[in-house]
Protein chains: 2
Amino acid sequence: MSKRADITIDDVAEAAGVSRQTVSRVINRGPHVKPLVRDRVQKAIDSLGYVPNLSARRMAGSRSYLILAINDRKRTIENWAAGRGNDWVDQMLFGGMTECERQGYHLLFELIDTETEPALRQLANVSGALRPDGVILTPPHSDNAALCAWLTERSIPFARIGHRDGSHSVDVFMDEAGAAYEATRGLIALRHSRIAYIAGAPNYGASAQRIAGYEQAPEGGGSRPRDVDGGDRRVQFSGGGRDY
Amino acid sequence: MSKRADITIDDVAEAAGVSRQTVSRVINRGPHVKPLVRDRVQKAIDSLGYVPNLSARRMAGSRSYLILAINDRKRTIENWAAGRGNDWVDQMLFGGMTECERQGYHLLFELIDTETEPALRQLANVSGALRPDGVILTPPHSDNAALCAWLTERSIPFARIGHRDGSHSVDVFMDEAGAAYEATRGLIALRHSRIAYIAGAPNYGASAQRIAGYEQAPEGGGSRPRDVDGGDRRVQFSGGGRDY
DNA sequence: CTGTTAGCGCGTTCAA
DNA sequence: TTGAACGCGCTAACAG
């Protein structure tokens, strides 16, 4: 590992006695490189401690090797301020960063506002500045049609967490309705009949799905879930239903 | 905000009827731009939705607008896997990201191993690829002389969390010894005399500082803290003392 | 005060 | 199978 911090592809090429392009092919696992030459180049890379400059790579029309993870600012900060972990956010860091690293990628977290207008502007800014190869949308942004449309228009690949049936996205989700159904069913099986439901924020797609599951709980062994008040306000949104 | 994703500085220059360099000056708050021209350029930037490409900026010898936050892989992953938050890591996200955003910067988290050898290699890799303008070292890496030397040699500015007296770094720390001292003193004031101390991992600089504070607790009202066993093993490192 | 020139490090044409 | 030339978008010198 050399002391010099600015070892370029040309230095490697010279050391290995090949052209710059050949080194590039080795780096990018390109074909058309004789194994012998490949080894020689690889050896030069290792001994020089060469690391490709990501900025230059992107400039040359290649990938940025950056994945942008979008999180809701308010929600995230509230959790942090409260000193409690960020549920799946931590899990995402856990798995996402590890996988990114394995692929030579870097995961970049950014906080954006909940409201569509500023969120859109902020997304445009980070996206424009960083030019990520892909974006990960977490709730509630994963359910935001405007953001998804924006990304789709620009052909920026994106994944949505906690959302399903996205036409232009990779969706990572679970059976929210089924889980709520099972949970309710379990309570009914225990002879409970007055079952209230405290729902998540309405701008979370999962909230509606869970409510649906809850409401479809079987009438079999027990009765259908009813409001604790006996009225029809079985479902109560948390936080007043809007201001999450 | 235009639909086109690839609006460059030249587009803005043309729209504003100035040269590319003038636009650059406006972006970088450079001097020597007439207020009138500045406004015209700014208006063009806004209407076109222009966002400077960070990669290009760095390529041109400017800053990368990236700050690298280094965390210990094992420790971080253990916390995540256990479902518990990452104490000050979350706090850092909280404050660090916010401040970065305010300055037009981006905070990038990376996990590296505890052992110096791989840590050094990994730091060289991310640093070489991303070319951050600065690095934040968290414990135990903030106490790792090799990493700090590496950064110093390359003139990469870095901050150390939980470390003090770094000659080439910005240090963010608290009075560890004083806190331990006060804690011990408090117990003594409560008439306790058999006070054991469970220390943090030895590769954390804070551990030694805290032990020092504990050991300097006053003999006044009570006796000096003694080992629960009556022997001289007053201090016991957690996790066996090595394998944190 | 503003415009012009010359690269940054790399991938992507092409040609050999 | 390899090499040479060009340009990405931007800033840093220099000119005017």
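Note on naming: letters A, B, ... go to the chains in the order of the sequence lines (proteins, then strands), and numbering restarts at 1 for each one. This structure is a prediction, so every number in the text was calculated from the model and none was measured.
Using a cutoff of 4.0 Å between basic side-chain nitrogens and carboxylate oxygens, A:Glu101 and B:Arg73 are scored as salt-bridged. In this structure, B:Arg102 pairs ionically with B:Glu99, as a charged nitrogen and a carboxylate oxygen lie closer than 4.0 Å.
Boundaries of the chain B contact region on DNA chain C are C:dC1 to C:dG9, first to last in 5' to 3' order (nucleotide atom under 4.0 Å from a heavy atom).
B:Asn71 and B:Thr138 share a donor-acceptor pair across their side chains, judged by distance under 3.5 Å alone. For A:Asn144 and A:Thr116, the side-chain atoms include at least one donor-acceptor pair closer than 3.5 Å.
Atoms CG and CZ, from B:Asn53 and B:Arg58 in turn, are 12.0 Å apart once rounded to the nearest 0.5 Å.
Residue-to-nucleotide proximity on DNA chain C shows that, of B:Met59 and B:Pro35, the 5′-proximal contact is made by B:Pro35.
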Discussion item. Counting primed atoms plus P, OP1 and OP2 as sugar-phosphate and everything else as base, spell out the protein contacts along nucleotides 11-16 of chain D at 4.0 Å heavy-atom distance: B, S or - for each nucleotide, 5' to 3'.
Written reply: BB----

Could you give the side-chain donor-acceptor pairs of residues 161-170 of chain B under 3.5 Å, partners two or more places apart or in another chain?
| unit_1 | atom_1 | unit_2 | atom_2 | d |
| --- | --- | --- | --- | --- |
| B:His163 | NE2 | B:Arg160 | NH2 | 3.2 |
| B:Ser169 | OG | B:Asp171 | OD1 | 2.7 |

Discussion item. Using side chain to side chain donor-acceptor pair (under 3.5 Å), reason through A:Asn28 and A:Arg63 one step at a time and then give a plain yes or no.
Written reply: CA-CA 11 Å; A:Asn28 301 308; A:Arg63 296 181 278 183; over 6 Å; no

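In A:Gln42, the CD atom is crowded: over 12 heavy atoms of neighbouring residues, nucleotides or ligands sit closer than 6.0 Å.
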